[in-house]
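Heads up, the thing below is written out as structure tokens.
Count residues from 1 along the sequence. Here the structure is a predicted model, which is why all the values come from computation and not from measurement. Note that these values count all heavy atoms, side chains included, but never hydrogens, waters or copies made by symmetry.
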Amino acid sequence: QVQLVESGGGLVQEGGSLRLSCAASGRTFSPYAMGWFRQAPGKEREFVTVIIWSSGITYYTNSVKGRFTISRDRAKNTVYLQMNTLKSEDTAVYYCATDRYSSGYEVLRSIAHWNYWGQGTQVTVSS
């Protein structure tokens, strides 16, 4: 089993920044990728970004390109999401996820692909 624990959420004004962390643990933790998703009130969970664990290759959804940066620390089994220039529409619960199976971008964007999820951390951006 793999456990994921997110932290770093909170309340921030528009234009501000937050940094989320997701720490992974478990003897079977051997990821191909780790990703961030978010779910706003009344909406479905959506893809935000993903990082390929070995290469560091990253993908982003268009709405966060240039504002969000995903990174990882392999020694700490931790993935980060640096969020800058936050907008009110970024308000959501943010979840990290991981999976060990190699897949292309279109599959990695799909919620159904991921086997392990964190409990989520709330990000609220006030206007």
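One finds the SG atom of Cys96 at 9.5 Å from the CD1 atom of Ile70 (value rounded to the nearest 0.5 Å). Taken from OG1 in Thr69 to CE in Met83, the straight-line distance is 11.0 Å, to the nearest 0.5 Å. Atom-to-atom distance recorded for Ser63:OG and Lys87:NZ is 8.0 Å, nearest 0.5 angstrom.
Partner of Val48 under the side chain to side chain contact (heavy atoms under 4.5 Å, CB included) criterion, chosen from Phe68, Tyr60, Tyr59: Phe68. A side chain to side chain contact (heavy atoms under 4.5 Å, CB included) with Trp114 is found for exactly one of Tyr101, Tyr95, Phe37, Phe47, namely Phe37.
In this structure a side-chain-to-backbone donor-acceptor pair under 3.5 Å is present from Thr91 to Val125. Here the side chain of Arg72 pairs a donor or acceptor atom with the backbone of Ser54 at under 3.5 angstrom. Judged purely by atom type and a 3.5 angstrom limit, Glu6 has no side-chain atom pairing as donor or acceptor with the backbone of Leu20. Remark: the backbone N or O of Gly35 is not paired with any side-chain donor or acceptor of Thr98 at under 3.5 angstrom. No donor-acceptor pair under 3.5 Å is formed between the side chain of Gln39 and the backbone N or O of Ala92.
Using a 4.5 Å heavy-atom threshold, the side chains of Leu4 and Met34 count as touching. Side-chain contact between Glu46 and Thr61 is absent, with no heavy atoms from C-beta onward closer than 4.5 Å. Between Gln3 and Phe29 there is no side-chain heavy-atom pair separated by less than 4.5 Å. The closest side-chain heavy-atom distance from Tyr94 to Cys22 is not below 4.5 Å. By the 4.5 Å heavy-atom criterion applied to side chains, Arg38 and Val64 are counted as neighbours.
Side-chain contact, Glu14 with Ser127: no donor N or O sits under 3.5 Å from an acceptor N or O.
Taking all atoms of both residues into account, the shortest heavy-atom contact from Ser126 to Leu11 is CB-CD1, 4.2 Å. What you find for Asp90 and Thr85 is that their closest heavy atoms are OD2-O, 4.5 Å.
With hydrophobic clusters built from ILVMFWY side chains whose heavy atoms lie under 4.5 angstrom apart, Leu108 shares a cluster with Trp117. If you chain together hydrophobic residues whose side chains sit under 4.5 Å apart, Val2 and Val5 never meet in one group. Under the 4.5 Å side-chain contact rule for hydrophobic residues, Val50 and Tyr80 do not share a cluster.
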